[in-house]
Amino acid sequence: MMQKKAIQGKKHATNLVETIMLSLFKDTFTSQVKTLYQVFMHAFVKADTVEYPEEQPYMFPRWRGRIILSRDPDGEERCVACNLCACACPVDCIALQKAETEDGRWYPEFFRINFSRCIMCGFCEEACPTNAIQLTPDFEMAEYIRQDMVWEKEDLLINGTGKYHDYNFYRVAGMAIKGKGKGMAQNEAPPVNVKSLLP
Amino acid sequence: MTFEVGSGLSIGSILFTVIIVAAMLIWVERRLLSLWQERLGPNRVGPFGLLQVVADMIKIFTKEDWVPPFADKLSFVLAPTVIMIVILLSFAVVPFAPGVGVIDSNIGVLFVLAMASLGAYSVMLGGLASDNKYALLGSLRAAAQMVSYEVFMGISLLGVVALAGSFNLREIVLAQEGVWYVIPQFVGFVIFLIAGIAESHRLPFDIPEAEQEIVAGYHTEYSGMKFGMFFVGEYLGLVLISSLITVLFFGGWMGPFLPPIIWFVIKASLFIAFFILLRAAIPRPRYDQLMTFGWLVLLPLSLLNLMVTGAIILSMQ
Amino acid sequence: MAKIVIDGKTYEVNPANNLLQECLSQGLDLPYFCWHPCMGSVGACRQCAVKQFRNAEDTKGALVMACMTPANDGAIISIEDPQAQKFRAQVIESLMISHPHDCPVCEEGGECHLQDMTQMSGHNYRRYDKKKVTHNNQYLGPFINHEMNRCITCYRCVRFYDDYAGGTDLSAQASHHHVYFGRHEEGVLESEFSGNLVEVCPTGVFTDKVFSEHYSRKWDLQTAPSVCVGCAVGCNTTPGERYGSLRRIVNRYNSEVNGYFLCDRGRFGFEFVNSDERIREAQHVVNGSSSPLTDAQVKSVFAELKSAQAIGIGSPRASNEANYALRCLVGEENFYAGMSAAEFDCVQLHIQLARDPAFHIPSVREIEQADAVLILGEDVTNVAPRIALALRQSVRNKAKELAAACKIPQWQDAAVRELAQRQNSPLCVLSPYATRLDDIASDCVIDSYAVLTNVAYAIASAIAPAAPEAKPARERAELVQRVAAQLLSARRPLIIAGSSGGAVMLRAAANIAKALQGSRHSPVDLCILAQEVNSVGLGMLAGSGQNLSAALARIARGAESRAIVLENDLFLRAEHGAVAAAIDKLEQLVVVDHIATATTQRADYLVPSTAFSEHEATYINYEGRAQLSYQVNRCHSQAQPAWRWLHTQSDMHVANLVDRCAAEAAGFAGLQAVLPDTSQFIAGMKIPRQSHRYSGRTAMKANLNVHEPKQAVDTESPMAFSMEGIPSQKNASILGAAWAPQWNSNQSISKFQAEVNGELKQGSVGALLLQKQAASGGFFSHDLLARPASNDGLQLAIAYQIFGSDELSARSPAIRERMTAPYISLSPADARSRGLAQGDEVAIADTKFTATVCIRSRMQDGTAALYCGANEIDQFSLPTQVELSKTGFNSARGMRGLIVSDLHEEGY
């Protein structure tokens, strides 16, 4: 046993020297020099830089830029003040307060995004169960006064559906609002008559 | 006032040029890096972005001069000045061209090595004075790295010294009249090149300030012009190593047609560009890899080089 | 202890419990819906299925419902068995078939047991594509929202509301997948404990309407452990704050006090904190015009008062610290309890009896264990509602006894109830009017206090002949003997009395208890109810005779010209005329209070103090249990804790004050035990008041200034006003909000209990301060109330209402909706003889007050019970006998919302 270990130790030592010498020649004089050559050759390739603002880049629709609040296809506010965006926000830059209309719809009494903290991660959009909060391809939001980076609901709310055109939360959800009573949402049977004995 | 070695004009213009070149290197490096990375680099301030250096300087001079309350004030302030001073002092013995230089010292090579050793104090003091764990780690690494690579750097030069028979740098240049020492001393050149990078802790051997591991190493706590001195000191080191390679292995100012000083500038610039290319291309090794490589490869290699050189010289006598 | 094997690991469990409860006690995650720690098992939801194996060789096993299976020794079960897991996933899928996809607009979202269990069971996609069953909702009053579509028919609501809390107006209706939980018609839920439906319901069928009006998710609330200030029981609560206003109160588990449930006054009566009537700045009032005062000016006013002689009037709704600081400021001889003479006598007697080794003041948990109860002259449901709920459990001890005899485990809820039918342990109520506990009472005596006292003394003498004798009316003699026999034969008899019947009734209660103790040779449970959150604490601080009447008399004599009133409306506690006359005599009246009252309107110096959620304080409940209530949020006005104004030392902390109070005030030794042991905190870090999911930190105040202010530092307590620190996940001694991974709802409390229904892990249940002293002498002497001289007038008793009789909670809009105007209860015969009909407005003779007539069939002829409203009638100016005269109106507003069991139907 001991002998075996000793042999292994010896083998290990020779291996170390071998490895070092091998790495010296193989890595230094081929790999490293080859790398140097290849990087040097990049000097003759055209630069990829786009010289914004002289040159305006194409912004993809799913770019994560300025945040908006959208409206449903009926023109009502989509946001139901569920607070999930605020919860998902890693920099805690969304604050809102739930309120309720006479109709029974939930809406945010105020909805504030502090863009000076926002990192445009898009988690709020992913968390939103009603497609209300969306990120847009607009990124030119710089301000000279930091206070101007605080946007309220009036600044965020747009008159459109944004990227998702058809979704209307209240048509799917079972909660009754004015004009849509119990049993009128998607996939719902009319309300049960509790006093009936029929199946 | 004549332009000769040791004259006031010579000293003044060398000091001025060296600092300006070091400062301009900030711009040169960024442009070269972006060239090799298919970018444009700084091109907004002035023509080709040349005035970027001015903008940077304005910025760095007007920044808050912050000394952390927990730092050791005296050594914290002294540390960055040390590296500036020792590297500028090293330039005193560099023969740029006939008649251009500060002094012709008989112990030029030793002087350079001595000054390079003093540079280690700068990073060590800076790291210790910061009283910050990253700074401390950085300075520990820097001290070990610089002390180790000084050894191989010195031994690798001995071949050249033996061939030239002098420690005087100007005489070494003159001794290369026939053939540049890069040919007989190729191994020495390679070792000196590697050790030089390690000594000035430029990439890929910037282990003492490895951002991904220890924030910014020994200068983590530095800002403003004190950081600027470390920064410029690094570029000065780059210029110095390039100049020394030119002097020791590539015949210094010697070359046909063009004036000697131009030849010197061309050769040194090529090495500066090469160092920048290294930064663009080679990733940083691990700290233990660096030390293993130094002690297990470079040391035996440089000793072997010295022995072979000595043997050949002896046999030729 | 039995040993069972769960998924290959052996656990020591209690064989008296079921498997589900024991799995949860061991900290294992097993989904469930219908089981509730306080309500046992019915096996309705099928969610807690596990695999049980016959023996170690059995590899096939059988699915059993953990909640319906006893944790027998040697049982081998598997929670993680694939078949059991699949079964549970299928069960939740079918439970969710008609769930309405409205979590974003559901108040339960984020603290929903259904959400948690769905996640835990692994159901995440609705495959069933047929129509969902829907239901219409009902209006259920100002407290509760109804959203029936979310129901998963676990039957927890009716099991709590009907079976546990004795409600009658919530029921399960219809059958099969049409099952509906609601009232027979829309209307206010009558039970005083309806708010618990919010926490009992595992989904969002019953949600908190008050909270919904200013809703925030659970994770967004800043919370801290607090104590309810609604009555003297001292239930533990968790108030939640967001954007500077208090949003809701939920139950905080305390094994000794409130367990899992609160009453509606405690749950919904907090909104005085957000009221516009709050006092926000210090004022100096000269001739009706007020000028603001700076903090320094206020301090100098108090410094002046310290050097000059001033009278200090404390308050039973102020904390120990505030009362103690006032006592330090004015000196012990000038400190008066702000309670009427009668009530103060009761409190002093209360404390004396609590210190008597013959008696034991039971905690709420102990009250549940009583198997014969006698209530003397107190309307427990309205004075101390949580105790009434405990009494409803105590009468079930008969059923438990029967079940034990038949070897039916206690957790087999349906079986135990079926076995017992309506057999209850004896509970006898002596009250001037029919109370809400009469439905479970074996005997009720409804008569004037004079008669009731007589009956009480008679019971005492029937138990122990040594007790002073009393002769009850002949028709009551049999009842007296019966009650005496019940109490004597009981394993754990309990006597309950309070200050409503006056000190006389307390003495009668003490005599009965003492008589029982004579035959038992062990302390007898004597539960004495106090009126307000800190009545007992104030009674311990004030010297004997130092009541409000004495203070007013001293002022009226002209002895003192300055007075400080601490968080007290004197007009509630003494005759209005006497208070007004005394205040007129004063040169300087300084009132420290957080809310505008009749007294604050008369103040020369008005100093704003903080409400219960804005300061850290200790309160002492009816049993002498001191409990620490932490600060929930900061008060953004000039208001400071009253003790901070009153204390002249500047660097004082609550902790120092508590220590000093414990060291210096007589009877307060041991108070410091309620302070948390901060040495056990991890790395000395604070405990955050905000959850780790707290949102909006960088935006909530950004409209004021985009540069975020520094997080507020709490110098008082080991909690932080931020998310920073380490939440007490395992240590429950400071449990801001119950939360555990995978358990977002309040059901997560089982993770903090040493065992289900047990004490919280390392949790503080408070410190019992009233130490037993040397045994007192014998029985109290026979001091019967004087019999009425003539039979002309009606014997008047004062009635209490859960909604309205408490000064502070009456300011909450939701509570106000449930309040009634002053009414006077009469017997049908009395009403007929006076020509009064139900709802008539009557003037109370010789006073300027009017009340609505409420004819109640069970009232005794010749007696009347008057509810004074929120101090609309000055009860101290009323004679003990009144005559009524009709004013001609039949008041529409009078009786609306009044919930009594014996309303006389005729002519109404």
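So that the names make sense, note that chain A is the first sequence line, chain B the second, and so on, each numbered from 1.
- Using a 4.5 Å heavy-atom threshold, the side chains of Val105(C) and Phe169(A) count as touching.
- When the shell of 6.0 Å around CZ of Arg146(A) is examined, it contains more than 12 heavy atoms from other residues, nucleotides or ligands.
- Of the atoms belonging to Arg112(A), heavy atoms from both backbone and side chain fall under 4.5 Å from chain C.
- Judged purely by atom type and a 3.5 angstrom limit, Thr134(C) uses its side chain to pair as donor or acceptor with the backbone of Ala189(A).
- Within a 6.0 Å sphere centred on NZ of Lys178(A), other residues, nucleotides and ligands contribute 12 heavy atoms or fewer.
- For CD of Gln119(C), the number of neighbouring non-hydrogen atoms (other residues, nucleotides, ligands) closer than 6.0 Å is 12 at most.
- Residues Glu188(A) and Asn149(C) have side chains in contact (heavy-atom distance under 4.5 Å, counting atoms from C-beta outward).
- Tyr180(C) touches chain A through its side chain: at least one heavy atom from C-beta onward sits under 4.5 Å away, while N, CA, C and O do not.
- Within 6.0 Å of the OH atom in Tyr37(A), the count of heavy atoms belonging to other residues, nucleotides or ligands does not exceed 12.
- Taking CG from Asn703(C) and CZ from Phe110(A), the interatomic distance works out to 7.5 Å, rounded to the nearest 0.5 Å.
- Among the candidates Asn187(A), Asn193(A), Val150(A), Ile94(A), the residue making the largest number of heavy-atom pairs closer than 4.5 Å to chain C is Asn187(A).
- Residue Phe123(A) places its CZ atom among 12 or fewer non-hydrogen atoms of other residues, nucleotides or ligands, all under 6.0 Å distant.
- To the nearest 0.5 Å, the span separating CZ on Arg242(C) from CG on Asn83(A) amounts to 7.0 Å.
- No more than 12 heavy atoms of other residues, nucleotides or ligands lie within 6.0 Å of NZ in Lys701(C), so this atom counts as exposed by the packing criterion.
- Within 6.0 Å of the OH atom in Tyr58(A), the count of heavy atoms belonging to other residues, nucleotides or ligands exceeds 12.
- Both the backbone and the side chain of Ser212(C) come within contact range of chain A, each with at least one heavy atom under 4.5 Å from a heavy atom of that chain.
- For Asn705(C), the parts lying near chain A are the backbone and the side chain together; criterion is any non-hydrogen pair under 4.5 Å.
- The distance from the CD atom of Glu100(A) to the CG atom of Asn145(C) is 7.0 Å, given to the nearest 0.5 Å.
- Of the listed residues (His214(C), His177(C), Glu107(C), Met148(C)), the greatest number of heavy-atom pairs within a distance under 4.5 Å of chain A belongs to Glu107(C).
- Contacts of Val91(A) with chain C are made by backbone atoms alone, with heavy-atom separations under 4.5 Å and no side-chain atom involved.
- Of all the listed residues (Glu213(C), Lys131(C), Arg693(C)), the one sharing the greatest number of non-hydrogen pairs under 4.5 Å with chain A is Lys131(C).
- Atom OG of Ser116(A) sits about 8.0 Å away from atom NE2 of His707(C), to the nearest 0.5 Å.
- Within a 6.0 Å radius of CD in Glu102(A), other residues, nucleotides and ligands contribute 12 heavy atoms or fewer.
- Heavy-atom distances place both the backbone and the side chain of Gln173(C) under 4.5 Å from chain A.
- Residue Tyr243(C) touches chain A through its side chain alone, counting heavy-atom pairs closer than 4.5 Å.
- Within the 4.5 Å cutoff, the side chain of His184(C) has no heavy atoms near those of the Lys195(A) side chain.
- For Cys103(C), no part sits under 4.5 Å from any heavy atom of chain A, backbone or side chain.
- From Leu84(A), atom CG reaches atom CZ of Arg217(C) across 6.0 Å, with rounding to the nearest 0.5 Å.
- Interface residue Cys93(A): backbone and side-chain heavy atoms are both found under 4.5 Å from chain C.
- Only the side chain of Glu152(A) has a heavy atom closer than 4.5 Å to any heavy atom of chain C.
- Here the closest non-hydrogen pair linking Val706(C) and Asn114(A) is CG2-OD1, 3.7 Å.
- Ion pairing of Glu147(C) with Lys182(A) is present here, as a side-chain N (NZ or NE/NH1/NH2) and a carboxylate O approach within less than 4.0 Å.
- Only the side chain of His176(C) comes within less than 4.5 Å of a heavy atom in chain A; its backbone stays farther off.
- Taking CD of Gln97(A) as the reference point, atom OG of Ser245(C) lies at 7.5 Å (rounded to 0.5 Å).
- Looking only at heavy-atom pairs under 4.5 Å with chain A, the residue among Pro100(C), Gly696(C), Gly109(C), Gly182(C) that has the most is Gly696(C).
- Residues Pro104(C) and Val80(A) come closest through the heavy atom pair CB-CG2, 3.8 Å.
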